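Treat the numbers as computed from the prediction; the structure is a model and nothing was measured.
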Amino acid sequence: PHRTIIRVRNISDVKVLSHELGHKLDDVVFGFSDKMKYDKLDKADIKVTMANGLKDVKKREHRLNQLRSEYGEETVKNLLDRAELRAELKKFLVDRGYPEVNTAEGIAEMISDYVVSPTGLAEKLPKFHKLFEETIGTTPKIKDALLHARKQWEEWHAQDPRVKTE
């Protein structure tokens, strides 16, 4: 079920607001979480995930090649790409000590950082950041709104602290 209301305790808390906006964009517009979800009922997803977890490189590649023959190159590539995106988002959350480690929270935190602290974001999340940039490139109004919010945040943040309290 999609969330229909964004709730924040304080409207001036841009970090929380942009995080909640990230959930809204993910749920309603882009659907990243749904597209990256691990499907416990999909045999190909299970087998590829298990094969990709093998420590021995030769065994892992051999098993993945078997699965490419069974399910097709594109299917296995897509499943590996999704797993890589999930792992990247999970590491992003773990590195910042985030209490809830799941794809949806990783996406919301990434979108929040995209607005309020974009420096180094592409290095922390290279694959997801690239996917996000490509995706918002197809929705100019959303991209412009996020970049405008970033600009306003930077202007506010650069102000003298005494002015911020007025």
Side-chain angles (χ1 to χ4, degrees), residues 1-8 15-140 142-143 145-147 150:
H2 296 298
R3 296 168 241 209
T4 56
I5 298 172
I6 294 176
R7 297 181 195 276
V8 292
K15 290 180 183 182
V16 172
L17 184 59
S18 60
H19 173 97
E20 295 306 322
L21 178 63
H23 281 302
K24 187 74 165 180
L25 289 172
D26 181 26
D27 288 347
V28 178
V29 181
F30 302 124
F32 291 123
S33 292
D34 288 340
K35 293 173 189 166
M36 286 191 281
K37 201 172 277 180
Y38 172 71
D39 187 350
K40 295 176 186 171
L41 301 176
D42 180 345
K43 287 183 181 182
D45 206 349
I46 294 166
K47 289 178 180 180
V48 169
T49 300
M50 290 180 68
N52 197 40
L54 293 172
K55 301 282 185 225
D56 184 298
V57 177
K58 285 184 180 181
K59 287 181 182 178
R60 179 175 57 235
E61 284 308 310
H62 176 71
R63 183 65 181 130
L64 287 172
N65 284 333
Q66 287 176 324
L67 294 170
R68 288 179 182 104
S69 295
E70 186 176 346
Y71 295 106
E73 180 73 36
E74 189 173 340
T75 298
V76 172
K77 180 189 179 313
N78 289 339
L79 291 170
L80 289 171
D81 288 347
R82 284 183 4 202
E84 199 169 348
L85 288 167
R86 287 191 306 265
E88 191 175 86
L89 288 163
K90 180 180 178 180
K91 182 181 182 326
F92 177 64
L93 291 175
V94 167
D95 288 351
R96 61 179 40 202
Y98 200 80
E100 193 174 341
V101 179
N102 64 51
T103 303
E105 289 303 317
I107 292 166
E109 280 295 292
M110 183 276 178
I111 293 173
S112 177
D113 280 10
Y114 189 83
V115 173
V116 299
S117 58
T119 304
L121 194 56
E123 289 76 27
K124 293 174 194 169
L125 292 163
K127 292 188 182 302
F128 187 77
H129 187 271
K130 181 177 185 268
L131 173 66
F132 183 73
E133 286 287 353
E134 289 169 356
T135 303
I136 65 170
T138 65
T139 55
I142 292 173
K143 182 176 184 172
L146 291 172
L147 294 176
R150 178 190 293 172

*Go through the steps to decide whether Arg82 and Asp45 satisfy the test salt bridge (Lys or Arg N to Asp or Glu O under 4.0 Å), and finish with yes or no.*
CA-CA 10 Å; Arg82 284 183 4 202; Asp45 206 349; 2.8 Å; yes
*Would you indicate whether Glu134, at its atom CD, is surrounded by more than 12 heavy atoms from other residues, nucleotides or ligands within a distance under 6.0 Å?*
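Yes, enclosed.
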*How about Lys124: does its NZ atom have over 12 heavy atoms from other parts shown lying under 6.0 Å from it?*
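Yes, NZ of Lys124 has more than 12 neighbouring heavy atoms, counting only those of other groups under 6.0 Å.
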_Using side-chain contact (heavy atoms from CB on, under 4.5 Å), reason through Lys91 and Val94 one step at a time and then give a plain yes or no._
CA-CA 5 Å; Lys91 182 181 182 326; Val94 167; 5.6 Å; no
*The single option from Leu79, Val76, Thr75, Leu80 passing side-chain contact (heavy atoms from CB on, under 4.5 Å) against Leu67*: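 Per the side-chain contact (heavy atoms from CB on, under 4.5 Å) rule, the option paired with Leu67 is Val76, out of Leu79, Val76, Thr75, Leu80.
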Heavy-atom pair with the smallest gap, counting every atom of [X] and [Y]:
| X | Y | answer |
| --- | --- | --- |
| Pro118 | Val116 | CD-C, 3.8 Å |
| Ile46 | Asp39 | CG1-O, 4.2 Å |
| Gly137 | Pro140 | O-CD, 4.4 Å |
| Ile107 | Ser33 | CD1-OG, 3.5 Å |

*Tell me, please, which residues at least two apart from Lys127 pass salt bridge (charged side-chain N to carboxylate O under 4.0 Å, His left out).*
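For Lys127, the residues satisfying salt bridge (charged side-chain N to carboxylate O under 4.0 Å, His left out) (neighbours in sequence not counted) are Glu84.
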Drop me the distance from [X]'s [atom1] to [Y]'s [atom2], to the nearest 0.5 angstrom.
| X | Y | atom1 | atom2 | value |
| --- | --- | --- | --- | --- |
| His23 | Ser18 | NE2 | OG | 10.5 Å |
| Asp95 | Lys90 | CG | NZ | 11.5 Å |
| Lys47 | Lys43 | NZ | NZ | 6.5 Å |
| Leu85 | Phe32 | CG | CZ | 9.5 Å |

Would you say that [X] contacts [Y] through its side chain, given a criterion of any heavy-atom pair below 4.5 Å between the two side chains?
| X | Y | value |
| --- | --- | --- |
| His19 | Val16 | no |
| Pro126 | Glu88 | yes |
| Leu146 | Leu25 | yes |
| Ile136 | Tyr114 | yes |

*Check the pair Phe30, Lys35 against side-chain contact (heavy atoms from CB on, under 4.5 Å), reporting the backbone distance first and the verdict last.*
CA-CA 9 Å; Phe30 302 124; Lys35 293 173 189 166; 5.7 Å; no
Donor-acceptor pairs are to be reported for all side-chain atoms of residues 50-57 against protein atoms at under 3.5 Å, with residues two or more places apart or in another chain.
{"residue": "Asp56", "atom": "OD1", "partner": "Lys58", "partner atom": "N", "Å": "2.9"}
{"residue": "Asp56", "atom": "OD1", "partner": "Lys59", "partner atom": "N", "Å": "2.9"}

*Are Phe92 and Phe128 an aromatic pair by the rule of ring centers under 6.0 Å?*
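No, too far apart.
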Under 3.5 Å: donor-acceptor pair, side chain of [X], backbone of [Y]:
| X | Y | answer |
| --- | --- | --- |
| Asp26 | Gly22 | no |
| Arg86 | Met36 | yes |
| Ser112 | Ala108 | no |

*Please lay out, stage by stage, how Leu89 and Leu125 fare under the test side-chain contact (heavy atoms from CB on, under 4.5 Å).*
CA-CA 7 Å; Leu89 288 163; Leu125 292 163; 4.0 Å; yes
*Partners of Arg150 by side chain to side chain donor-acceptor pair (under 3.5 Å), sequence neighbours excluded?*
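Residues passing side chain to side chain donor-acceptor pair (under 3.5 Å) with Arg150: none at all.
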_Working for side-chain contact (heavy atoms from CB on, under 4.5 Å), residues Lys37 and Thr103_ = CA-CA 8 Å; Lys37 201 172 277 180; Thr103 303; over 6 Å; no
